[in-house]
Amino acid sequence: MKRRYWILKNEVTDYSIDEMKKDGQTDWTGVRNYQARNFMMKDMKAGDWAYFYHSNAEPPGCAGIIEISREAKPDLTALDPKSKYFEKRATKENPVWHCVQVKFKRKLKRLVPLSELRENPKLKDLLLLQRGSRLSITPVSQEAFEEIERMSKEIR
DNA sequence: GCCAACGTTGGC
DNA sequence: GCCAACGTTGGC
């Protein structure tokens with residue numbers, strides 16, 4: 001089966017690539033957008049690769065590579081009143097939100113900043129770069145995925 | 001901290 | 001089902 005590629009955004013103040021590296025594996029909880037959730041539930045498979053993207057960072061950009069290690073299951077933070085991702089309408093029977101499990105693969109040799117992604121004509125169709133795009137989970141073509149990794153090896 | 005661009009909510 | 005008001009995201 002063909003592997004798919006993704007970009008997973010995360011606010012760097014919440015969880016960074018270094019914490020991901022230390023943990024090795026984590027549940028990608030807190031996704032509260034249906035489009036992003038549906039990508040996880042319908043299209044993500046164990047073995048897919050994704051960029052770990054730092055948002056709200058200085059600079060924002062692709063920081064590392066992670067692998068989907070388990071397919072979508074209920075996101076229990078929606079059921080936990082103490083969690084900032086708690087949601088009243090979520091129940092055990094209908095958890096509403098789901099998460100995948102991801103594992104750390106590697107950090108990029110250097111963070112590839114958003115500004116460089118924008119400058120690269122080969123990446124002009126990248127969903128992440130489209131005007132007003134706020135989706136925290138977006139698919140990426142294999143070509144774009146490889147292009148970003150190539151950029152991470154450039155000396156700048 | 002600002003604010004553009006979205007997504008969501010809720011009155012009608 | 002429309003759409004105004006509000007909330008959120010996230011780059012700058």
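Predicted, not measured: the structure shown is a model, and the values here were computed from it.
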*For residues A:T29 and A:D27, is any side-chain donor paired with an opposing acceptor at under 3.5 Å?*
no
Polar atoms only, N or O, under 3.5 Å: list the protein pairs with nucleotides 2-8 of chain C and their distances.
unit_1 : atom_1 : unit_2 : atom_2 : d
C:dT8  : O2     : A:R134 : NH1    : 2.6

*Do the side-chain N and O atoms of A:T77 and A:R32 include a donor-acceptor pair separated by under 3.5 angstrom?*
yes
*Member of A:R150, A:R110, A:K122 meeting the salt bridge (charged side-chain N to carboxylate O under 4.0 Å, His left out) criterion with A:E116*: A:R110
*Length of the CG-P vector between A:L117 and C:dG11, whole Å*: 11 Å
*Rounded to the nearest angstrom, tell me the gap between atom CZ in A:R131 and atom P in C:dC12.*
13 Å
_Residue met sooner reading DNA chain B from 5', once A:E87 and A:N56 are mapped to nucleotides_ = A:N56
*ILVMFWY cluster membership beyond A:W28 - transitive side-chain contacts under 4.5 angstrom*: A:W6, A:L8, A:Y15, A:I17, A:M20, A:V31, A:F39, A:M40, A:M44, A:F52, A:I66, A:I68, A:V100, A:V102, A:F104, A:L135, A:I137
*In whole angstrom, give the distance that lies between atom CZ of A:R89 and atom C1' of B:dT9.*
11 Å
*Figure out the CD/C1' separation between A:Q130 and C:dG10, and round it to whole Å.*
16 Å
*Take atom CG of A:L129 and atom C1' of C:dT9, then tell me their distance rounded to the nearest Å.*
16 Å
*Any side-chain N or O of A:K9 less than 4.0 Å from the OP1 or OP2 oxygen of C:dT9?*
no
*Would you mind reading off the distance between A:Y53 atom OH and C:dG11 atom P, rounded to a whole angstrom?*
4 Å
_Among A:E147, A:K2, A:R3, the one residue meeting side-chain contact (heavy atoms from CB on, under 4.5 Å) with A:Q142_ = A:K2
*Whole-Å gap separating C1' (C:dT9) and CG (A:L114)*: 14 Å
*Pair A:E19, A:S16: side-chain N/O donor-acceptor within cut-off below 3.5 Å*: yes
